[in-house]
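In what follows, a single structure is set out as structure tokens and then discussed.
Every heavy atom of this structure was used, including side-chain atoms; hydrogens, water molecules and symmetry mates were not. Positions are given from 1 along the sequence. These numbers come from a predicted model, not from an experiment.
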Amino acid sequence: MPDSNTKYIFVTGGVTSSLGKGIISASLAKLLQARGHSVTIQKLDPYINVDPGTLNPYEHGECFVTEDGAETDLDLGHYERYLDTNTSQANNVTTGKIYQHVINQERAGAYLGKTVQVVPHITDEIKRRIRLLGHTGKYDFVITEIGGTVGDIESLPYIEAVRQLKWDPDFSCIVIHLTLVPYLAASGELKTKPTQHSVKQLLESGVQADVLVLRTEHSINEDIRRKVALFCNISTDAVIESKNASTIYEVPVMMQEEGLDQVVLRKFNMPIGEEPNITQWKEFLHRLKNPKRTLKIGLIGKYIELKDSYISIHESLIHAGAVSESALDIKWIHSELLNDENVAEKLGELDGILVAPGFGERGIEGKIAAVKYARENKVPFLGICLGMQCAVIEFSRNVVGLKGAHTTEINDKTEFPVIFLMEDQKDVTNKGGTMRLGAYECAIEHPSKAYDTYKKDLITERHRHRYEFNNKFLKDFAAAGMKATGINPTGKMVEIVEIEDHPWFVGVQFHPEYSSTVLNPHPLFVEFLEATIKEKV
Ligand code: GLN
């Protein structure tokens, strides 16, 4: 009896990290989806943190939040942006989660006196997590991306789990291995040796790759394909070239040209059928590559040394830019280096200002200076989460006249705690997974810019924060010109603020960037850019 009708595709990586397994996985998923299959993508992360929620963005970039409130790896953001479908708790598994479960089971006496070991107990739990998505009965394909690089100590149990599953007659799976083919400029040659070694290393763990995807800066000729195929026990048609692309959104088209989806279907003995048209995707690419104008958008944050820290915001801007055929010149501006004296010089050339989410004191006064500049100079402004909180602080200090107003996250002695800890956060001591997380409803007031944007009375958006607007100050704010135009219907938390007397000044307590996709760009980013276009002329 087959385990389920779901087919599993494992994606492993070799030679170096950062080759783009997430993008290859998402591109393949897109192509299978375009053929009418239901697909989801899962990420297995070999680190011991239970989730990336407690990680500093400098470690692995942004923490992506799913609709059901999981704090996850940023690759899940790519999966959602490509597939235009939601992921969930089950789509991101870490070693921390695996061990936590096994140890809890052991404490509960579930192993009946047995010695608990990596094989079989940890690998069994890994396999259970892999199968979970298939067992929902919702998917024809589950693509499971294994983080890290083969040979890493940390990823060994995952590779072992894949080995066991490959041998399970009731489990239908293939392995795609992604490697690098470096170009040696001195000899003008592409080198396949690292790939051969990497495939062998995987083989030492008992796993034979079925498909190879070769990342390269130059085209791979037939000779190289044949050579790699011969040395790596792979059919020539299963050696796929993945050349550097000008945008990550080009990769599905390149993979379609290379026939990655076809080779996968052949490996599963499935009918190939007709080549699907990915027309909408191609139209998006066309608009992206043929812009009518360039917009200069300042992204003000404190983790800008690692751009992955703001990857969903960056991608949301790109999606929205394509709507109005605008290229984006994103200026990454370090909030620690901004102050009231230099802000005009540093932000003067911008068409729009976006103040990013964040935590803690570092760089916050720079963010507040950026808000003030945007407000006073009528530059379109979007504040996200901490960015919205900074907008509230700035307005309270400089317009409402509440001197020293602050968020209690930074000054819990302030006389005017305009942003303060949510009631249900007051007794929380554990840091992991305890924020207000995932999707919550928001009722939109009208008339407002928020209503013009969403054109709906009720929306849901994803959250990740502990602090919120202090409703005690609502009246004073409204009287001074900043209105709460989005409110959580049950808890009455302020979700959106805006300034009436400004071309476009919107702060949101939630994270719109988590739900923008290629085919459905988020309306807040679209309207923000529309406002910058209007103000520019
Ligand atoms: N630090 C703020 C809070 O916890 C904002 C969080 C964020 O920007 N994601 O409320």
Roughly how far, to the nearest 0.5 Å, is [atom2] of [Y] from [atom1] of [X]?
{"X": "Ile176", "Y": "Leu260", "atom1": "CD1", "atom2": "CG", "result": "5.0 Å"}
{"X": "Ile333", "Y": "Ile300", "atom1": "CD1", "atom2": "CD1", "result": "4.0 Å"}
{"X": "Leu32", "Y": "Ile9", "atom1": "CG", "atom2": "CD1", "result": "5.5 Å"}
{"X": "Leu212", "Y": "Ser242", "atom1": "CG", "atom2": "OG", "result": "12.0 Å"}
{"X": "Leu214", "Y": "Cys232", "atom1": "CG", "atom2": "SG", "result": "8.5 Å"}
{"X": "Lys267", "Y": "Ser172", "atom1": "NZ", "atom2": "OG", "result": "13.0 Å"}

Regarding [X] and [Y], do their side chains bring together a donor and an acceptor under 3.5 Å, going by distance alone?
{"X": "Tyr158", "Y": "Thr95", "result": "yes"}
{"X": "Asn5", "Y": "Asp140", "result": "no"}
{"X": "His78", "Y": "Glu315", "result": "no"}
{"X": "Ser205", "Y": "Gln201", "result": "no"}
{"X": "Glu80", "Y": "Thr87", "result": "yes"}
{"X": "Asp45", "Y": "Asn92", "result": "yes"}
{"X": "Gln100", "Y": "Lys97", "result": "no"}
{"X": "Arg81", "Y": "Ser312", "result": "yes"}
{"X": "His465", "Y": "Arg436", "result": "yes"}
{"X": "Asn277", "Y": "Thr279", "result": "no"}
{"X": "Thr490", "Y": "Asn488", "result": "yes"}
{"X": "Gln42", "Y": "Asn91", "result": "no"}
{"X": "Gln509", "Y": "Glu461", "result": "no"}
{"X": "Ser219", "Y": "Lys243", "result": "yes"}
{"X": "Ser324", "Y": "Arg287", "result": "no"}

Where is the tightest heavy-atom contact between [X] and [Y], given as atom of each residue plus distance?
{"X": "Gln280", "Y": "Leu519", "value": "CB-CD2, 3.8 Å"}
{"X": "Ile126", "Y": "Ala161", "value": "CG2-CB, 3.7 Å"}
{"X": "Val65", "Y": "His463", "value": "CG1-O, 3.8 Å"}
{"X": "Ala356", "Y": "Ile313", "value": "CB-CD1, 4.4 Å"}
{"X": "Tyr310", "Y": "Pro357", "value": "CE2-O, 4.2 Å"}
{"X": "Val15", "Y": "Ser198", "value": "N-OG, 3.9 Å"}

Working note: Glu160 + Ile122, criterion side-chain contact (heavy atoms from CB on, under 4.5 Å); need CA distance, chi angles, decisive distance, verdict. CA-CA 10 Å; Glu160 168 58 15; Ile122 294 297; over 6 Å; no
Side chains of [X] and [Y]: closer than 4.5 Å at any heavy-atom pair?
{"X": "Leu133", "Y": "Tyr139", "value": "yes"}
{"X": "Ile459", "Y": "Lys456", "value": "yes"}
{"X": "Lys307", "Y": "Ile311", "value": "no"}
{"X": "Gln256", "Y": "Lys282", "value": "yes"}
{"X": "Glu530", "Y": "Phe525", "value": "no"}
{"X": "Leu288", "Y": "His286", "value": "no"}
{"X": "Cys63", "Y": "Arg464", "value": "yes"}
{"X": "Ile220", "Y": "Arg225", "value": "yes"}

Name the orientation class of the two ring planes belonging to Tyr183 and His218 (parallel below 30°, tilted from 30 to 60°, perpendicular beyond 60°).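 Rings of Tyr183 and His218: tilted, as their planes differ by 30° to 60°.
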Parallel, tilted or perpendicular, as decided by the 30° and 60° cut-offs, for the rings of Tyr82 and Trp281: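 Trp281 and Tyr82: tilted rings.
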Enclosure of Lys138 NZ (heavy-atom neighbours >12, cutoff 6.0 Å):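 Count not over threshold, so no.
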Counting only heavy atoms not in Leu458, do more than 12 fall under 6.0 Å of its CG?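 Counting neighbours around CG of Leu458, more than 12 heavy atoms of other residues, nucleotides or ligands fall under 6.0 Å, so yes.
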Hey, which of Thr72, Thr94, Asp73 is the one that makes side chain to side chain donor-acceptor pair (under 3.5 Å) with Lys43?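 Between Lys43 and the candidates, side chain to side chain donor-acceptor pair (under 3.5 Å) is satisfied uniquely by Asp73.
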Do [Y] and [X] meet the salt-bridge criterion of a basic N to acidic O distance under 4.0 Å?
{"X": "Arg35", "Y": "Asp261", "value": "yes"}
{"X": "Glu125", "Y": "Arg129", "value": "yes"}
{"X": "Lys166", "Y": "Asp210", "value": "yes"}

Check the pair Arg266, Asp237 against salt bridge (charged side-chain N to carboxylate O under 4.0 Å, His left out), reporting the backbone distance first and the verdict last. CA-CA 10 Å; Arg266 273 202 298 279; Asp237 69 323; 2.6 Å; yes
Check: [X] ring centroid to [Y] ring centroid under 6.0 Å:
{"X": "Tyr454", "Y": "His522", "answer": "yes"}
{"X": "Phe284", "Y": "Tyr249", "answer": "yes"}
{"X": "Phe10", "Y": "His177", "answer": "no"}

Give the intermediate values and the outcome of side-chain hydrogen bond (donor to acceptor under 3.5 Å, both in side chains) for residues Glu305 and Tyr58. CA-CA 8 Å; Glu305 299 89 337; Tyr58 289 130; 2.9 Å; yes
Between Tyr514 and Glu67, does a side-chain hydrogen bond (donor to acceptor under 3.5 Å, both in side chains) hold up when you go through it step by step? CA-CA 9 Å; Tyr514 293 145; Glu67 187 90 10; over 6 Å; no
Any chance you could lay out the ring-ring contact (aromatic ring centres under 6.0 Å, His included) test for Phe510 and Tyr440, step after step, and finish with the verdict? CA-CA 9 Å; Phe510 48 78; Tyr440 286 86; over 10 Å; no
Run the side-chain hydrogen bond (donor to acceptor under 3.5 Å, both in side chains) test on Arg466 and Thr434 for me, step by step, so that the C-alpha distance in whole Å, both residues' side-chain angles and the decisive distance to 0.1 Å come before the verdict. CA-CA 8 Å; Arg466 290 185 204 284; Thr434 55; 2.9 Å; yes
Evaluate side-chain contact (heavy atoms from CB on, under 4.5 Å) for Gln208 paired with Leu202, printing each intermediate quantity in order. CA-CA 7 Å; Gln208 169 65 50; Leu202 197 54; over 6 Å; no
Please lay out, stage by stage, how Asp168 and Arg163 fare under the test salt bridge (charged side-chain N to carboxylate O under 4.0 Å, His left out). CA-CA 9 Å; Asp168 184 337; Arg163 186 194 68 78; over 6 Å; no
